[in-house]
Amino acid sequence: MGKNQKTGVGRALVKQHNQQSKENGRLQKKKVLESFTEISDIDAIIEQAEHPQQPLFSTPHRPINLDLSSGIGKNEMTLEEMRKQQKREEALHASSLRVPRRPPWRAHMSVEELGDNERQAFLIWRRSLARLEENENLVLTPFEKNLDIWRQLWRVVERSDLLVMVVDSRDPLFYRCPDLEAYAREVDEHKRTLLLVNKADLLPASVREKWVEYFHAHNILYIFWSAKAASAAVEGKMFRSPLEADDSGKNNNPDTEIYDRDELLARLQSEAEEIVEMRRNSSSDTRPSNIHSSGENLAGSSSSNNVIVGFVGYPNVGKSSTINALVGKKRTGVTSTPGKTKHFQTLIISNKLTVCDCPGLVFPSFSSSGYRMIACGVLPIDRMTEHREAVQVVADKVPRHVIEEIYKISLPKPKPYEPQSRPPLASELLRAYCASRRYVTASGLPDETRAARQILKDYIDGKLPHYEMPPAMSNVELYSVNLHGSVSSGTEDVDGKLAPDFEQVLDDLNSFDMANGLVSNEVTIKKADASHNHHRKPQRKKDRSQRTENNDADGMPVVRFLQKPINTSYVKV
């Protein structure tokens with residue numbers, strides 16, 4: 001047998017060795033923590049609890065179903081009645097919409113016992129939300145359904161002295177979770193929650209003043225902050241806010257001031273040290289089960305004089321960008337896609353301050369449309385299936401003239417019978433955008449999907465300016481303040497133009513009646529045919545007099561038949 005020749009036994013041993021190596025590699029493969037917001041079957045959660053080694057969701061990249069309003073309005077009710085009923089149901093079940101609590105634990109518990117208790121508590125919480133989803137009058141937005149992600153939140157809440165909830169300044173109440181603040185007080189009665197209003201450079205000073213009044217009225221601890229401006233200052237770059245020219249000379253109120261990096265670090269450290277001092281001076285006994293980890297944190301803070309600040313919030317609100325700006329260099333990954341941070345990270349800022357970055361969580365909430373969560377950047381844009389509904393959210397929030405000015409496009413004007421101040425339709429915005437950018441598919445149609453993704457990214461990044469006002473402020477006041485510092489009116493386009501032609505108005509009214517079924521199709525079709533015959537070119541009639549004769553003058557035409565003569569010159573015998 002040659003030196004390089006292999007026997008059958010040798011090949012079998014090599015094959016067995018390679019197979020075992022592959023199996024060991026698969027077993028030792030690192031588990032990637034991934035966020036799941038679209039598991040609708042409770043059996044999948046139960047199966048995960050029974051078999052924790054199996055993945056919770058076999059196809060995590062399936063399309064997101066955002067048709068959240070399909071279960072409402074099955075009975076014959078008006079839209080206003082359905083909204084009132086939905087508001088009553090939301091107020092009735094508001095206490096059931098909670099953040100999952102970590103079950104009580106002790107130091108002598110084993111890992112298996114602690115994991116079983118956490119899974120059981122999570123299933124109870126998940127079943128309570130499943131009962132809410134069965135209610136046809138309630139609409140729950142997609143929320144986090146992965147237990148491992150909530151475990152990251154539990155650790156950050158227990159370890160932190162001060163909890164910082166990062167929200168987007170353009171709609172702070174949408175990103176705020178009041179029940180998380182209540183859960184932090186349950187863990188430790190001295191623990192506070194600070195609202196870090198990020199992207200404050202996108203708000204005019206007058207709008208910030210309105211939010212200051214709201215925060216003071218509701219005893220909300222807040223700070224206005226811009227992670228982009230702070231990062232530019234750390235890198236030595238020049239940063240100019242789009243509203244800086246309008247706010248110059250108007251920001252005399254210190255409550256509306258946007259903090260820089262040093263001011264924010266000093267404020268966070270002072271707030272956390274005040275909490276630690278209150279905890280030291282407190283004479284009340286701590287609860288043994290629920291706040292065991294907080295007690296350990298208290299002991300560590302007392303000995304080392306080091307305070308811990310935890311950052312929590314929705315995905316894509318700027319938590320990682322804020323921490324990078326505070327640290328002074330890139331320590332956490334930053335991307336526009338939600339869910340970049342997978343595990344909580346502990347970073348030491350100084351000898352007296354430590355920060356914890358928690359992965360972004362989608363908290364359960366009531367909402368009328370899930371497409372708003374895509375427009376706000378909470379859910380990934382790339383997993384969007386129906387783009388027009390999400391773009392309609394953008395068209396409703398941004399005024400018409402602002403869209404035309406930024407994109408340098410001309411949107412179709414409303415019909416004379418329509419309200420002149422109505423927002424543009426998503427189809428109108430997408431077609432105008434595709435025509436200006438020449439976005440065309442292979443079949444020659446406008447590429448609305450590509451245009452929708454670009455518009456949504458501009459909306460999230462702040463290229464399309466928009467903001468929400470506090471609930472006490474009416475919509476009239478909201479739209480009276482122009483995003484560029486001027487006052488706009490909804491009837492300006494109509495007053496500056498001549499009245500439309502009378503026939504054009506009649507045609508528009510007829511088309512409106514046809515679209516709403518107010519007139520039968522036969523009348524309109526006959527009118528169209530009559531108008532078409534009226535303008536038809538007259539045809540010339542053929543002269544068929546040569547085909548008839550009337551020699552006897554009896555009034556009856558006689559048909560003349562032409563008979564071909566017989567050729568007798570050649571006869572075949």
Side-chain angles (χ1 to χ4, degrees), residues 63-64 66-67 168 170-171 174 199 202-203 228 241-243 316 335-338 368-416 418-468 478-479 481-486 488-494 496-497 508 511 515:
I64 296 178
L66 296 173
D67 190 10
D168 195 321
R170 293 169 291 183
D171 194 358
F174 176 79
K199 305 177 184 179
L202 302 177
L203 287 184
K228 185 178 293 185
S241 173
L243 301 174
N316 204 18
T335 179
S336 59
T337 303
S368 59
S369 174
Y371 299 102
R372 183 183 178 188
M373 304 185 72
I374 282 188
C376 294
V378 176
L379 297 179
I381 298 177
D382 296 333
R383 293 170 59 188
M384 173 181 57
T385 56
E386 298 180 5
H387 52 274
R388 285 195 176 184
E389 286 76 4
V391 174
Q392 189 61 50
V393 176
V394 178
D396 293 339
K397 296 294 183 181
V398 185
R400 178 187 295 266
H401 67 278
V402 175
I403 298 177
E404 293 179 341
E405 180 181 351
I406 291 178
Y407 286 145
K408 309 300 180 184
I409 59 178
S410 179
L411 297 174
K413 302 299 180 183
K415 299 294 183 181
E418 296 177 340
Q420 299 301 310
S421 59
R422 73 162 178 85
L425 300 177
S427 57
E428 298 174 349
L429 174 57
L430 291 173
R431 290 171 184 172
Y433 189 88
C434 291
S436 63
R437 269 65 175 177
R438 297 181 180 180
Y439 288 173
V440 183
T441 60
S443 59
L445 299 176
D447 193 353
E448 294 187 358
T449 303
R450 180 184 178 187
R453 292 181 178 180
Q454 186 60 45
I455 291 174
L456 290 173
K457 288 180 181 179
D458 293 341
Y459 183 82
I460 296 172
D461 296 338
K463 183 177 180 180
L464 290 174
H466 65 282
Y467 52 83
E468 293 290 336
L478 170 62
Y479 289 104
V481 181
N482 193 346
L483 295 174
H484 294 284
S486 61
S488 61
S489 60
T491 59
E492 194 173 47
D493 296 334
V494 180
K497 295 185 179 180
D508 293 336
S511 61

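When a residue number appears, it is its place in the shown sequence, counting from 1.
Using a 4.0 Å cut-off between a side-chain N of Lys or Arg and a carboxylate O of Asp or Glu, K463 and D461 do not qualify as a salt bridge. The residues D171 and K397 are annotated as not salt-bridged, no charged nitrogen and carboxylate oxygen being separated by less than 4.0 angstrom.
Residue Y371 holds its OH atom at 11.5 Å from CG of L379, rounded to the nearest 0.5 Å. Interatomic distance, CD1 of I374 versus OH of Y459, reported as 13.0 Å (0.5 Å rounding).
Summarising the geometry of I409 relative to S436, their closest heavy-atom pair is CG2-OG, 3.4 Å, with the distance given to 0.1 Å. Across every non-hydrogen atom of A375 and I460, the tightest pair is O-CG1, 3.3 Å.
Side-chain N or O atoms of H466 include one that pairs as donor or acceptor with a backbone N or O of L464 at under 3.5 Å. Proximity of a side-chain donor or acceptor of E448 to a complementary backbone N or O of S427 within less than 3.5 Å is not detected. Of the possible polar contacts, one joining the R400 side chain to the R422 backbone as a donor-acceptor pair under 3.5 Å is found.
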### Query
Does the side chain to side chain contact (heavy atoms under 4.5 Å, CB included) test come out yes or no for F174 and C376, once each step is laid out?
CA-CA 9 Å; F174 176 79; C376 294; 3.9 Å; yes
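Evaluation of the side chain to side chain donor-acceptor pair (under 3.5 Å) rule for Y433 yields no partner, not counting sequence neighbours.
Annotation: side chain of L430 is not in contact with side chain of Y439 (no heavy-atom distance under 4.5 Å). The closest side-chain heavy-atom distance from P465 to I406 is below 4.5 Å.
Applying the side-chain contact (heavy atoms from CB on, under 4.5 Å) test between T449 and each of Q454, M384, H387, E386 identifies H387 as the sole match.
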